[in-house]
Amino acid sequence: MNSPKADECDVLIVGAGPTGLTLALLLARRGVKVIVAERAPEPYSLPRAAHIDHQIVRVFQEIGIADEIVATCRHSARYDFLTADGQVLLRLDGADKIAAGGWRSANMIHQPSIERALRRAVAAAPNIELRESWRLTHLNEDADATFDTPDGPRSIAAHFLIGADGARSTVRDLIEVGIDDLGFEEDWLIVDTIVRDASRLPEINLQICDPARPTTSVLMGEGRHRWEFMLKPGETAGELLDDGMIERLLDPWDVRGAVEIERKAVYRFSARIAETWQRGRIFLAGDAAHQMPPFAGQGLCSGVRDAANLAWKLAAVVHGDAGTHILETYQPEREPNVRAIIDLAMMMGRIVCITDPAAAAARDAQMLAARAANASAAGAAAFPDITTGLIALGTAGAGAYFRQPVAGAHRLDDLLGMGPWIVTREPAQPIGGVKLVSLGEAGPFTQDLAQWLDMHDAEAALIRADRYVFGSGSPRELAERYLSVLSRDAAVLMRS
Ligand SMILES: Cc1cc2nc3c(=O)[nH]c(=O)nc-3n(C[C@H](O)[C@H](O)[C@H](O)COP(=O)(O)OP(=O)(O)OC[C@H]3O[C@@H](n4cnc5c(N)ncnc54)[C@H](O)[C@@H]3O)c2cc1C
């Protein structure tokens, strides 16, 4: 066998799904040389995710594709969980309102359109190389990897390797990382349709908690609509995939002629999390690190959040501005957030996936009573802040997600550019390379930023590149503390 020819890069990303492509773009913006190796010869063309939240659109804003993506989205004002006879068990309102990320809370998407936008951006980025039909086969702990390619085996030597290679991750297997099963497993039929007459379709997202057939109906981007039907005990995928069966399942929706079926598939919805997300210079991100049932619409979103967390840390290490210890904060910062979201998705799934009529009646009685007493969950879900990792714990606001104010067509991040930034009351010079923005320089956002500082009784706040608050205090203290935590001499993960 010919010995494989070696290429080199700073960061090698295995998998060109949304996680891998987003990470590549965030790294490239920071001057990191990236290779993305993807086993498929071309992009995956069928829809999976139907929803992304405001925080994810904000990440896409940083890589310059938010407007393009939002132009393909549709919006549902609410997300209702209904009984079989149409009573509201749970209502999540405000889905179409501007949320903390500075974009609408919930954005209904067509995943292939998002992946196309990401790929266009990748093609335009000078320091990313995307290699298709490259399938990872071997890996060593120095993050050197070997691929099966159309030209035979080839290898790539990288400082860091990211396994963004999906639920059946080869990277995860090769580094022998186990996966915890969190105990959710249900098979659902997915029916994706192209909409011919939108006026005959529901305008909001629905979970029909009917024990006779738990059903989901959701809007999607790019003129599409999705239904999902749970397989009941004893049913097979083959039975549900039968065209006659799908027609019968769609009958109650009265959409014959209003939609055209684009594809049908049975998916197993599960909840699993990798035991560790880092082995030395190798990291797992996105579905390779965690999977969840889609009831909260958060699988892709969580992968993009992983990318946002990893990108600035990897870039700082590659450029010699930080020690590798900062990479150890990736999993401690991200895992609690992902676990909380998985819990939410499983909670929603457990409400919906009940096929026993007596259990469904008990659920309905309990949830209707709670709703009547105004005690049920409502409003957009808030995800947990960072509580340990690269933050100045003990200072006001440390670890919180920093809101992006909007003024007309303007958004804060566009004004400030790539982070980190110190937002401060009075003008001041940059400290150790950290940019300072005074309230006077914040244009239409002055009042919002002043409000944040007032609320936290702070002179200044340092906002990390991924829009989480490092901490608050005086500008000098903050910059010094931040730089010392990053410093190559700082040997341990920062906890206080
Ligand atoms: C029915 C359904 C509904 C969903 N709804 C939502 C939703 O509403 N909102 C949401 O946020 N998420 C949703 N998701 C989840 C979302 O689709 C995934 O979380 C997301 O696609 C994960 O992205 P990823 O980049 O981590 O992995 P993937 O998209 O799986 O990409 C991994 C890539 O790695 C490549 N690869 C694999 N092995 C190798 C190898 N050995 N060598 C090279 N390349 C390799 C694959 O070909 C693939 O291109 C849904 C999923 C399903 C199935």
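Source: prediction; values computed, not measured. Just so it is clear, the values below take in all heavy atoms, side chains as well, and ignore hydrogens, waters and symmetry mates. We're numbering straight along the sequence, starting at 1.
Shown are I162, V32, N309; of these, the side chain to side chain contact (heavy atoms under 4.5 Å, CB included) with L314 is made only by I162.
A donor-acceptor contact shorter than 3.5 Å links the side chain of H319 to the backbone of R30. Judged purely by atom type and a 3.5 angstrom limit, E68 has no side-chain atom pairing as donor or acceptor with the backbone of I65. In this structure a side-chain-to-backbone donor-acceptor pair under 3.5 Å is present from N337 to P384. Remark: the backbone N or O of V57 is not paired with any side-chain donor or acceptor of Q61 at under 3.5 angstrom. Judged purely by atom type and a 3.5 angstrom limit, Q55 has no side-chain atom pairing as donor or acceptor with the backbone of R305. Judged by distance alone, with hydrogens and angles left aside, the side-chain atoms of R58 form no donor-acceptor pair with the main-chain N or O of H54 at under 3.5 Å. Side-chain atoms of Y330 come within 3.5 Å of backbone atoms of L284 as a donor-acceptor pair (strictly under, hydrogens ignored). At distances below 3.5 Å, not a single donor-acceptor pair connects side-chain atoms of R78 with backbone N or O atoms of S76. Without hydrogens or angle criteria, Q404 side chain to G101 main chain gives a donor-acceptor distance under 3.5 Å. The backbone N or O of I175 sits less than 3.5 Å from a side-chain atom of R279, completing a donor-acceptor pair.
Counting only heavy atoms from C-beta outward, the side chains of K313 and T329 approach each other to under 4.5 Å. Put simply, the side chain of L310 does not reach to within 4.5 Å of the side chain of R334, judged on heavy atoms. Counting heavy atoms from C-beta outward, L449 and L412 have side chains that approach closer than 4.5 Å. Residues E186 and P293 are not in side-chain contact: their nearest non-hydrogen atoms beyond the backbone lie 4.5 Å or more apart. Taking the side chain as every heavy atom from C-beta outward, I341 and M292 approach each other to under 4.5 Å. Using a 4.5 Å heavy-atom threshold, the side chains of N205 and L219 count as touching. Proximity of E262 to P47: side-chain heavy atoms (C-beta onward) are separated by under 4.5 Å at one or more points.
Shown here is R350, whose CZ atom has more than 12 heavy atoms of other residues, nucleotides or ligands within 6.0 Å. Within 6.0 Å of CG on D454 lie more than 12 heavy atoms contributed by other residues, nucleotides or ligands. For E141, the CD atom sits in a loose shell: 12 or fewer heavy atoms of surrounding residues, nucleotides or ligands are nearer than 6.0 Å. In H410, the NE2 atom is not crowded: 12 or fewer heavy atoms of neighbouring residues, nucleotides or ligands sit closer than 6.0 Å.
Separation of atoms OG1 (T216) and CD1 (I190) is listed at 7.5 Å; rounding is to 0.5 Å. Taken from CZ in F184 to CZ in R268, the straight-line distance is 11.5 Å, to the nearest 0.5 Å. Between the CD1 atom of I56 and the CG atom of D53 there is a distance of 4.5 Å, given to the nearest 0.5 Å. Here CD1 of I52 is found 5.5 Å from CD1 of I109. Values are rounded to the nearest 0.5 Å. The distance from the CG atom of D180 to the CD atom of E275 is 5.0 Å, given to the nearest 0.5 Å. Once rounded to the nearest 0.5 Å, the distance linking CZ of R29 with CD1 of I128 reads 11.0 Å.
Salt bridge absent: K33 and D10 never bring a charged side-chain N and a carboxylate O closer than 4.0 Å. Between D413 and R411 there is no salt bridge, since no side-chain nitrogen of the basic residue lies less than 4.0 Å from a carboxylate oxygen of the acidic one. Looking at R119 and E42, no side-chain N of the basic residue comes within less than 4.0 Å of a carboxylate O on the acidic one, giving no salt bridge. For the pair R226 and D192, the salt-bridge criterion is met [side-chain N within less than 4.0 Å of a carboxylate O].
P475 approaches T424 most closely through the heavy-atom pair CG-OG1, 3.5 Å. Shown here for A16 and V36, the closest heavy-atom pair between the two residues is CB-CG1, 3.8 Å.
Ring planes of F269 and W188: parallel class, angle under 30° (limits at 30 and 60°). Relative ring orientation between W277 and H290 is described as tilted, the plane-to-plane angle lying within the 30° to 60° band. W312 and Y482 have parallel rings, their planes meeting at less than 30° on a 0 to 90° scale where 60° marks the start of perpendicular.
For the residue pair H51 and N107, no side-chain donor N or O sits within less than 3.5 Å of a side-chain acceptor on the partner.
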query = Would I13 and L27 count as a side-chain contact (heavy atoms from CB on, under 4.5 Å) if you check the C-alpha gap in whole Å, the side-chain angles of each, and the deciding distance to 0.1 Å?
reply = CA-CA 11 Å; I13 298 173; L27 286 168; 4.3 Å; yes

request  = Apply the test side-chain contact (heavy atoms from CB on, under 4.5 Å) to residues L118 and F60: give CA-CA distance (whole Å), side-chain angles for both, the deciding distance (0.1 Å), then the verdict.
outcome  = CA-CA 9 Å; L118 287 165; F60 292 154; 4.0 Å; yes

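In this structure, F445 has its ring center no closer than 6.0 Å to that of W452.
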